[in-house]
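Worksheet: the structure to be examined is printed underneath.
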Amino acid sequence: MLRPLSSRLSSLSHRGRNNIGSRSVASRFMATQSGDDAEPPTALATLYLEDGSKFVGRSFGSHEAAVDGEVVFTTGMVGYPEALTDPSYLGQIITLTTPMVGNYGVPCRKKLDKYGLPAMFESHKIWASGLICQDYSHHYSHWKAASSLGDWLKEEGVPGLCDIDTRMLTKKIREKGAMVGRIEVDMSKGAPDFSTIGNPNERHLVAEVSLTEPKVYGAGNPIKIMGVDCGMKYNMIRLLVERGCELTVVPWNHPFADDMHKFDGLFLSNGPGDPTYNVETIEQLKRAISVPEDQVKPIFGICLGNQLLGLAAGGQAKKLPFGNRGQNQPVINHATGECYITSQNHGYHIDTTTLGSDYTELFTNLNDGSNEGFIHKSRPYFTAQFHPEFRNGPTDTEFMFDTFLAACKDPKAPVQFPVRKLAPKVGDVKKILLLGSGGTSIGQAGEFDYSGGQAIKALKEEGKEVVLMNPNIASVQTNMDNKSSHNKADHTYFLPVTPDFVEEIIKKEKPDGIVVSMGGQTALNCAVEMYQNGIFDKYGVEVLGTPIEAVIYTEDRELFSNKLHEINEKIAESYTTETVEGAVEAAKKTGYPLMIRSAFALGGLGSGICVDEAHLRENAKKALATSPQILVEKSMLGWKEVEYEVVRDVYDNCVTVCNMENFDPLGIHTGDSIVMAPSQTLSDEEYHMLRETAIRVVKHLGIVGECNIQYALHPESLEYCIIEVNARLSRSSALASKATGYPLAFVAAKLALGIPINEVSALFIVST
């Protein structure tokens, strides 16, 4: 049971002072948080690049000897333990673009999963040559932590360098390409002679990471798969065995073509370096794909496996200037037209124009247009240059393993990919009514002025006539200055956003469509009432963006609870009521303290913690004075409060743009707290667990455009509960837009018109 926050914080403080603070570095292992003796790094070290560049920083890892490697960068807010143990990083010095690293420490290296693999890592050791970051957090705290990142690097003999301008370094790599570099820990030495330093891509790196003898996982499972280990990440093993595979992992140079008849399919793993060095593997693949039709077995290649199959099929592998590494690479599936956000780590790709006529491109990177996978036109051979097994990264394409195993069960059937359920198509609207917020007050102020202004800009770009209703004369969106005519509505009404006034404007202006998600709770409540009264149907006005039914699902607490239970999602134990006495009865089930939440409320009005019955009666009476319904919820006081901003288009493409974490735990209203974007204390496992849930919930609710989902996350486990979903632009959306540079309101307005998200994003994403 979670103890009260004050008790837990007191205990943590006491434990840190007396049990950890006096320990030596060596004895601090297995501590879930750093002690008072943790000190910031002071020793200096230098990163030299082959173009003559020099970066001086502080050493927080091993400080014993210089290391060389190809300097690359990777994007992603979390996941440094998984990245460092990915064998594909052999010979490389990783630059992390996220500014702060080390907050959540490093998990226990000795803990094994049910397959005998290190539970929280992608191999048994760190493969990267070194690590570069901007800010290193020498203090860490996480319930799964066993040590600091710096201590782990020292344990593995890997240098780490912080206080480096990683934005400048990343820009240099993007402009000049990945370069050979050296981390020099001896400050008395100057720049090295790079003519004597070998490029790791000129080594046979796969031979250095592959196992040397076959090994079986999931013995006795019904589906027999042979996996070629070119640097196989452990999560590939986990996902295959979990799906009922007996996976026989063989070395990179194993004569597997002779054994294909013993297996149901062939799996080709990721790995490091130049794929052309793997001559034996390519020759075996040439034999495997040239068998008669009655001997065909499915083949699925990931990352280097994609490149090896491409080379065997007659294609050419080409080196990318700086590669694609990170957790946010968008790809499009040409078989279905769907877009995915993927995890990637590669420096080479297959030029599909060089493949034979039997193959066609399957996936393309939407950032640089490089190939991300191909498929045979008639045989079950297909690949992914990205990483469907994630760890680190998003889980969006995990279905690729199901597609592969379905082919293994029926190799003669066409390869099938899941097709999403599309939202209703948007009509050809020409005149749109945009509802602004009500009068400026706490809960609806400048943030909705920003949202509405962005929406007007987006709608005008698409040639729409815009009618604005907003009673706030001192706002940007109601500005009548001709200098901003491209962002100005065609018609502006300074009237209250209420059903009666909105209906009058509809009668007068006769709009085809209406946008209700840009004016906060006031606009949303007005739209719900008008929908329930049949006003929109009466005048033939189409609601653009999220359907009103979905809005009602999110606003009515009982319907929201029922809707989430349909997909077995986790929400706190709660009960809806419309009376004070009903709230008192519900409290007998939840116990005290408890949380009450108002339905259809502005800025959390009427919500709060109740410590006893008298407090509950007082708060419930106030809440019911402004809301028709309240939710009595079991308290999660002291849990972390995390939220995600999510966008979805009518084609069911769905992405999380930003996540945020409250500085204060649950129990402190967000308006009284500090919000951090992105989150600072979540691990890769937690971050993507909540991200995956957010996408599943948003799709199930049928939201189109932008929304915000809020979670309570237990600080000492993976337990979480969904607090609420705002099916509109929220106050957090403005913060997220400014923090990320991704204009959520602008995008949401375009999506409401039925434009695919990849086409919208292309309008404002530029090369840096």
Side-chain angles (χ1 to χ4, degrees), residues 222-228 230 236 239-240 243-248 250 252 254-270 275 278 280-317 331-338 349-364 371-386 388-389 397 399-419:
I223 307 173
K224 312 299 181 183
I225 301 296
M226 178 162 52
V228 181
C230 299
M236 294 178 175
L239 293 182
L240 286 168
R243 286 166 165 75
C245 294
E246 178 183 271
L247 177 64
T248 301
V250 300
W252 69 277
H254 184 81
F256 55 81
D258 295 330
D259 296 333
M260 290 284 287
H261 65 283
K262 302 176 184 177
F263 297 90
D264 298 311
L266 178 68
F267 176 71
L268 308 171
S269 84
N270 66 297
N278 302 281
E280 293 95 325
T281 317
I282 296 167
E283 289 303 315
Q284 289 294 313
L285 281 172
K286 287 180 179 178
R287 291 179 55 196
I289 62 177
S290 302
V291 296
E293 288 293 334
D294 61 348
Q295 297 178 26
V296 168
K297 296 293 176 71
I299 301 176
F300 176 32
I302 291 177
C303 195
L304 184 76
N306 162 78
Q307 298 159 22
L308 295 177
L309 187 59
L311 290 168
Q316 295 179 11
V331 302
I332 188 167
N333 183 339
H334 294 292
T336 64
E338 296 170 357
H349 80 121
I350 291 295
D351 180 355
T352 50
T353 63
T354 63
L355 287 173
S357 59
D358 290 334
Y359 294 86
T360 186
E361 190 161 22
L362 180 58
F363 298 107
T364 299
N371 173 251
E372 293 283 357
F374 56 88
I375 187 169
H376 194 281
K377 292 180 179 178
S378 60
R379 292 185 172 189
Y381 308 153
F382 61 97
T383 66
Q385 182 59 70
F386 51 88
E389 83 289 348
T397 54
F399 67 82
M400 294 287 287
F401 289 90
D402 299 313
T403 298
F404 172 52
L405 296 185
C408 292
K409 294 173 184 177
D410 187 3
K412 296 188 181 300
V415 175
Q416 297 287 335
F417 298 98
V419 178

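Nearest heavy atom pair, residue Met236 against residue Ser269, reads SD-CB, 4.1 Å. A pairwise comparison of heavy atoms in Pro418 and Thr403 identifies CD-OG1, 4.3 Å as the closest pair. Across Asn371 and Phe363, no two heavy atoms sit closer than the pair ND2-O, 3.4 Å. A pairwise comparison of heavy atoms in Pro411 and Cys408 identifies CD-O, 3.9 Å as the closest pair. The two residues Pro388 and Phe300 have their closest heavy-atom pair at CG-CZ, 4.3 Å. Among all heavy-atom pairs drawn from Leu405 and Cys245, the shortest one is CD2-SG, 3.4 Å.
Separating the CG atom in Asn333 from the CE atom in Met400 is a distance of 7.5 Å, to the nearest 0.5 Å. The CD1 atom of Ile282 sits 9.5 Å away from the CH2 atom of Trp252 when rounded to the nearest 0.5 Å. In this structure, Phe374 CZ and Asp358 CG are separated by 12.0 Å, a value rounded to the nearest 0.5 Å. Rounding to the nearest 0.5 Å gives a distance of 9.5 Å between CD1 of Ile332 and CD of Glu338. Here the CG-CE distance, from Leu247 to Met226, works out to 10.5 Å after rounding to the nearest 0.5 Å.
In terms of the side chain to side chain donor-acceptor pair (under 3.5 Å) criterion, residue partners of Asp351 (sequence neighbours excluded) are, by chain and number, Lys318, Thr353. Legend: residues meeting side-chain contact (heavy atoms from CB on, under 4.5 Å) with Ala406, ordered by chain and number and at least two apart, are absent. Residues passing the salt bridge (Lys or Arg N to Asp or Glu O under 4.0 Å) test with Lys409: none are found, sequence neighbours excluded. By the salt bridge (Lys or Arg N to Asp or Glu O under 4.0 Å) test, Glu283 is found to be paired with Lys286, residues two or more places apart in sequence or in another chain being considered. Residues passing the side-chain contact (heavy atoms from CB on, under 4.5 Å) test with Val291 are Gln295, Val296, Arg379, Tyr381, sequence neighbours excluded. Among residues two or more places apart in sequence or in another chain, the side chain to side chain donor-acceptor pair (under 3.5 Å) test is passed with Gln284 by none. Listed by chain and residue number, nothing satisfies the side chain to side chain donor-acceptor pair (under 3.5 Å) test with Thr248 (two or more places apart in sequence, or in another chain). Listed by chain and residue number, His376 satisfy the side-chain contact (heavy atoms from CB on, under 4.5 Å) test with Ser378 (two or more places apart in sequence, or in another chain). The side chain to side chain donor-acceptor pair (under 3.5 Å) check on Asn270 picks up Asp86, Ser88, with sequence neighbours excluded. In terms of the side-chain contact (heavy atoms from CB on, under 4.5 Å) criterion, residue partners of Ala407 (sequence neighbours excluded) are, by chain and number, Pro298, Pro380. By the salt bridge (Lys or Arg N to Asp or Glu O under 4.0 Å) test, Arg243 is found to be paired with Glu398, Asp402, residues two or more places apart in sequence or in another chain being considered.
The aromatic rings of Phe417 and Phe399 lie perpendicular to each other, with more than 60° between the two planes, well past the 30° mark.
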Exercise for the section: Take Tyr359 and Thr352, measure what side chain to side chain contact (heavy atoms under 4.5 Å, CB included) needs, and give me the verdict at the end. Expected result: CA-CA 8 Å; Tyr359 294 86; Thr352 50; over 6 Å; no
Practice task
Mind running side chain to side chain contact (heavy atoms under 4.5 Å, CB included) on Arg287 and Asp258 for me, showing each step along the way?
Solution key: CA-CA 9 Å; Arg287 291 179 55 196; Asp258 295 330; 2.6 Å; yes
Problem - Derivation of the side chain to side chain contact (heavy atoms under 4.5 Å, CB included) call for Leu266 and Leu285 - result: CA-CA 10 Å; Leu266 178 68; Leu285 281 172; 3.9 Å; yes
Which pairs would a plain distance check flag for residues 301-316, meaning a side-chain donor or acceptor within less than 3.5 Å of a matching protein atom at least two apart in sequence or in another chain?
from: Asn306; atom 1: OD1; to: Thr383; atom 2: OG1; distance (Å): 2.5
from: Asn306; atom 1: ND2; to: Gln385; atom 2: OE1; distance (Å): 2.7
from: Gln307; atom 1: NE2; to: Tyr348; atom 2: O; distance (Å): 3.1
from: Gln307; atom 1: NE2; to: Gln385; atom 2: OE1; distance (Å): 3.2

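With Asp259 contributing its side chain and Phe256 its backbone, the two residues share no donor-acceptor pair below 3.5 Å. Within the 3.5 Å criterion, the main-chain N or O of Phe263 finds a donor-acceptor partner in the side chain of Lys297.
In this structure, Lys377 places its NZ atom where more than 12 heavy-atom neighbours from other residues, nucleotides or ligands lie under 6.0 Å away.
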